[in-house]
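Everything below concerns the one structure shown next.
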Amino acid sequence: MKTYQEMVQEYKRRQRNTVVDTIAAGLTYMDEIALDTGLLEETGLWTELTETACGALPFAIIAVTEGSKVILGKKTGKRGVKDGAFRMAKTGAAMGIGSAVTMAAGFWAALPVTMGVRALFDRYRSRALTGCRVQARINRLRELRELMERQREETPAEAEPALMPAASVIVG
């Protein structure tokens, strides 16, 4: 079982990933801000490049961070792929919903919605994992109870200690 300090460190690392992913997802709306403020026109090479780069930026950041954790030995390859896939799915869903909100209500409404979708994904995963941990502990307790019952059945009941005969009592 992990120590308290190890759990705190893991939690801090998880929060850092969430902040990085949220910033990267927010940067994807950079081209929308530039268009709304008039910095860029809707046509041209620069607009096409920023649109493509900003759309792929969060996924590139996720791939690089998860890959570096695997290379540095902080995660196994399998765990890195699973975590990266979850982060990418969460980011993709948040960006998709954020884009829909941008078209319907504007850029300023999209940021809170995008961050909210990411938070809902995190909450769902946290609760699902908590449920799995609780179920695993319940199963472990059942196994321990069954083991103790089997040991009790296998161990013969010790006979009550025989009473000492009166003649063997030394009175002094």
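When a residue number appears, it is its place in the shown sequence, counting from 1. The shown structure was predicted, so the numbers you read here are calculated from the model rather than taken from an experiment.
Smallest separation of non-hydrogen atoms from F121 and F86: O-CZ, 3.8 Å. Considering all non-hydrogen atoms of both residues, R87 and R118 come closest at O-NH1, 4.4 Å. Taking every heavy atom of both residues into account, M95 and P58 meet most closely at SD-CG, 3.8 Å. Between G80 and K75 the shortest heavy-atom distance is CA-CD, 4.2 Å. The shortest non-hydrogen separation linking G84 to E66 is CA-CG, 3.7 Å.
Among residues two or more places apart in sequence or in another chain, the side-chain hydrogen bond (donor to acceptor under 3.5 Å, both in side chains) test is passed with Q135 by N139. Residues meeting the side-chain contact (heavy atoms from CB on, under 4.5 Å) test with R123, sequence neighbours left out: R127. For R133, the side-chain hydrogen bond (donor to acceptor under 3.5 Å, both in side chains) partners are T130, not counting sequence neighbours. Applying the side-chain contact (heavy atoms from CB on, under 4.5 Å) rule to Y124 yields no partners; only residues at least two apart in sequence or on another chain are considered. Taking M103 as the reference, nothing meets the side-chain contact (heavy atoms from CB on, under 4.5 Å) condition, with sequence neighbours excluded. With sequence neighbours excluded, the residues satisfying side-chain contact (heavy atoms from CB on, under 4.5 Å) with T76 are K78, R79. For E143, the salt bridge (Lys or Arg N to Asp or Glu O under 4.0 Å) partners at least two apart in sequence or on another chain are R140.
In the hydrophobic clustering (ILVMFWY side chains linked at under 4.5 Å, chained through shared members), I138 is joined by V134.
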Which is it for T91 and I62 under the side chain to side chain contact (heavy atoms under 4.5 Å, CB included) test, yes or no, and what are the steps along the way? CA-CA 9 Å; T91 299; I62 290 169; 3.5 Å; yes
Would D122 and K90 satisfy salt bridge (charged side-chain N to carboxylate O under 4.0 Å, His left out), going step by step from the backbone distance to the final call? CA-CA 8 Å; D122 286 337; K90 179 171 60 172; 2.6 Å; yes
